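Heads up, the thing below is written out as structure tokens.
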Amino acid sequence: MDRIGVQHIVYQIILVTVVAIVVGTAASLAAIGFVDAVHYLNDRLLISPYARVLAEDRPGLVAAATLIVPAAGGLIVGLVVHFLVREKRGLAPPDAILAAQTSGPAPGFRSGVASSLAALVSLGSGASVGQYGPLVYLGAMFGNLAGRLRLNLRHQRSIAIACGVAAAISTAFNAPIAGLVFAHEVILRHYSLRAFAPVTVAAATGYIIANVIFDRPALFLVSFDRVEHSYEFVFFALEGVLCAGLAWVFMLLLRFSTNISRRHIAVPWVRPAIAGLMVGLVALWIPEVLGIGQETLRFATIEGAFGIGELGLIIVAKLVLTALCVGFGFVGGVFSPALLIGILFGAFYGLMLPYLAPVPHSGLEVYAICGMMALASSVIGAPLTTILIVFELTRSYDLTIAAMVAVVFANLISYRVIGRSLFDLQLRERGFDLSLGRDKAILETHRIRDYLSTNVTTVSERDTVGDVRQRLVDDHRSEAMVLNRDQKLLGVVRLQGIVNSQADTPVLETAIQSFTTFDEDTSVWQSMEMLRGFLGEAVPLVDRRGRLKGVVPEEAVIRAYLEIMHDLREEENEAA
């Protein structure tokens with residue numbers, strides 16, 4: 001390798017590292033600030049259990065805050081989203097996936113800031129939504145900003161977005177390995193050395209800032225020795241299956257809630273306020289439904305903190321209210337609610353187990369953790385990430401193995417029933433279908449019109465066969481497009497079809513009336529599907545009025561496929 005080549009490689013390595021550190025630092029600091037701001041609002045607005053205990057000598061004030069704060073927060077969220085977010089919805093991990101997977105424009109910085117503000121108000125006012133979705137989008141937003149810089153780096157935007165997401169997850173969970181894997185498993189959908197190195201640097205940066213510099217507390221602390229009995233792994237597997245069923249119910253409720261709000265509430269910005277009022281009414285009876293529920297999550301692993309009936313009640317309420325809040329337009333994620341519902345269900349399962357199978361078992365904690373990870377992994381479609389989160393949070397090998405069994409069985413079922421994740425379902429509704437793989441989804445985003453050729457022989461509907469035959473010979477082509485006065489495509493004439501025709505025959509009589517056409521929205525994937533059984537030189541491409549814009553030669557469709565696939569394989573397999 002010559003000197004210039006060495007200099008270029010050194011430049012690339014230094015630049016990629018700097019980008020990873022800067023994006024990781026920004027995402028980590030933003031995540032810490034966001035979480036602290038949520039806690040501050042929860043304390044000030046009497047949402048957190050700690051603040052409510054301090055104000056227990058003023059029950060009227062607590063009750064008023066319980067009713068008014070979520071409803072008022074919902075109103076503010078509705079107004080912010082409706083008037084400040086261009087997409088008219090909260091931005092979330094599916095937007096980060098879409099930005100990383102495609103070259104299309106991502107949501108703007110203003111929309112990102114407004115959506116994050118709406119998420120802050122949602123979480124601060126006690127809505128039953130999660131904080132990790134907004135944190136993931138915050139990280140992706142900083143990555144997207146770095147992706148716009150002209151640094152002459154290949155795949156710069158997707159890698160920078162993955163860096164931001166990895167740092168945010170690493171900061172939120174104090175789990176850098178889980179952050180690294182989440183960015184690859186959920187956002188990039190592939191593993192390559194080019195992405196692996198910078199994403200690792202960003203995840204480590206997030207961990208250092210959160211754990212070393214700011215000394216952030218762990219999400220929860222669990223003291224677990226080991227799984228006492230081998231037959232309990234059957235119980236873990238069964239728990240995973242039950243969690244997959246619960247995840248399916250959760251997603252059905254989310255869809256049902258979204259449909260109800262759109263059909264029956266005409267004013268979009270009012271919807272979150274109605275959901276907030278419902279949350280407040282239920283919280284008067286079950287205060288555990290308010291907010292993120294971190295304290296509830298920690299108590300769920302403690303023996304005797306909740307009874308069986310109490311757990312069942314909170315699970316149902318949290319399930320319904322989370323679906324209501326997300327479906328009615330509060331801005332937030334589903335990862336935290338899935339963790340909370342999962343750990344509550346796991347604790348419920350652990351308490352019920354002695355009645356269902358009266359044999360010794362290893363205690364409540366392991367079943368609570370297994371339930372939490374099994375349900376969350378089914379919802380977000382990241383089994384490896386959730387297993388690593390357990391390991392990094394607990395440092396317990398036995399607990400991780402138990403969680404792994406539950407997660408695997410949960411995902412085996414949920415993948416068959418509901419697909420890979422809620423994020424994929426949301427992307428499918430926007431026309432980006434990852435269910436058949438990344439290749440198809442990306443081929444669907446490229447339009448075949450980019451390969452349009454205007455080198456085409458056109459003839460008038462008034463021409464004769466003799467005229468057309470001579471035109472094709474002069475142009476060295478074997479087919480011509482028949483147009484009317486308005487340039488509308490009437491048919492296709494092929495040379496072999498008119499060789500033996502009378503020269504004075506009107507060309508329209510010999511034209512093929514039924515033929516394959518592309519339009520301006522035809523994707524590369526669709527064009528390949530439409531070429532099955534196609535015979536001819538090129539496929540005409542028409543606009544919405546049926547006017548001919550040009551043709552796409554058969555070789556251009558193949559070339560488009562090969563070029564896109566080459567870029568994908570290069571991105572997935574190339575070194576740093």
Side-chain angles (χ1 to χ4, degrees), residues 173-175 177-178 217-247 288 293-315 318 335-380 382-414:
F173 287 100
N174 278 344
I177 302 175
L219 182 63
F220 55 84
L221 296 173
V222 176
S223 174
F224 181 76
D225 294 328
R226 64 191 181 91
V227 178
E228 299 284 350
H229 313 284
S230 57
Y231 55 76
E232 287 186 271
F233 285 97
V234 177
F235 299 155
F236 301 143
L238 177 62
E239 186 179 7
V241 173
L242 294 174
C243 284
L246 199 59
E288 287 84 359
Q294 274 190 349
E295 292 78 8
T296 307
L297 187 139
R298 288 166 184 153
F299 279 122
T301 60
I302 300 173
E303 295 270 4
F306 295 107
I308 293 177
E310 198 176 3
L311 280 172
L313 199 62
I314 299 172
I315 290 168
K318 196 70 184 175
F335 194 10
S336 298
L339 290 174
L340 180 58
I341 295 167
I343 202 168
L344 292 171
F345 178 77
F348 178 82
Y349 180 80
L351 290 177
M352 289 291 293
L353 206 52
Y355 300 100
L356 300 173
V359 291
H361 59 81
S362 302
L364 181 70
E365 286 178 334
V366 63
Y367 292 97
I369 299 298
C370 286
M372 177 172 72
M373 292 310 173
L375 184 63
S377 67
S378 294
V379 172
I380 68 169
L384 194 53
T385 301
T386 50
I387 291 168
L388 286 169
I389 287 175
V390 174
F391 185 71
E392 290 192 273
L393 285 178
T394 65
R395 305 287 198 273
S396 169
Y397 190 73
D398 270 34
L399 191 52
T400 305
I401 296 296
M404 191 167 70
V405 172
V407 165
V408 166
F409 277 87
N411 280 264
L412 280 175
I413 303 299
S414 63

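These figures come from a predicted structure and were not determined experimentally.
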So, do Ile177 and Phe391 sit near enough that their side-chain heavy atoms are less than 4.5 Å apart?
-> no
Side-chain contact, heavy-atom cut-off 4.5 Å: Leu412 with Val408?
-> yes
Kindly assign one of parallel, tilted or perpendicular to the pair His229 and Tyr231, based on the angle between their ring planes and the thresholds 30° and 60°.
-> parallel
Say you draw a straight line from NZ of Lys318 to CG of Leu340; how long is it, rounded to the nearest 0.5 Å?
-> 5.5 Å
Nearest 0.5 Å please: distance from the CD atom of Glu239 over to the CZ atom of Phe409.
-> 12.5 Å
Is it true that a side-chain atom of Glu303 and a backbone atom of Leu364 form a donor plus acceptor pair closer than 3.5 Å?
-> yes
Measure the CD-NE2 distance between Glu228 and His361 for me, rounded to the nearest 0.5 Å.
-> 11.5 Å
What distance do Ser377 atom OG and Met372 atom CE have between them, rounded to the nearest 0.5 Å?
-> 11.0 Å
So which heavy atom on Cys243 is nearest to which on Leu375, and how close?
-> O-CD1, 3.3 Å
State, with a plain yes or no, whether a side-chain heavy atom of Val359 is found less than 4.5 Å away from one of Phe235.
-> yes
For the side chain of Thr301 and the backbone of Leu297, is there at least one donor-acceptor N/O pair under 3.5 Å apart?
-> no
Phe233 atom CZ, neighbour heavy-atom count above 12 within 6.0 Å = yes
Quickly, which of Ile387, Val390, Leu384 forms a side-chain contact (heavy atoms from CB on, under 4.5 Å) with Met404? Name it, please.
-> Ile387
What are the two closest non-hydrogen atoms of Ala178 and Thr385, and how far apart are they?
-> O-CG2, 3.6 Å
Out of curiosity, Phe173 CZ to Thr386 OG1, how far, rounded to the nearest 0.5 Å?
-> 10.0 Å
For the residue pair Ala406 and Ala374, what are the closest heavy atoms and their distance?
-> O-CB, 3.8 Å
Should Leu339 and Phe335 be marked as a side-chain contact (heavy atoms from CB on, under 4.5 Å) after you check the CA-CA gap, both sets of side-chain angles, and the distance that decides it?
-> CA-CA 6 Å; Leu339 290 174; Phe335 194 10; 3.8 Å; yes
CG/Leu344 to CD1/Ile314 distance, rounded to the nearest 0.5 angstrom?
-> 6.0 Å
Would you say Leu351 and Phe306 make side-chain contact, with heavy atoms under 4.5 Å?
-> no
Do Glu310 and Leu313 come within less than 4.5 Å of each other through their side chains, counting heavy atoms only?
-> no
What are the two closest heavy atoms between Val366 and Ala402, and how far apart are they?
-> CG2-CB, 3.8 Å
Between Tyr367 and Phe236, how do the two ring planes meet: parallel, tilted or perpendicular, split at 30° and 60°?
-> tilted
Determine the minimum heavy-atom distance between Ser378 and Ala244, stating which atoms define it.
-> OG-CA, 4.3 Å
So do Val227 and Ile401 actually touch side chain to side chain, heavy atoms under 4.5 Å?
-> no
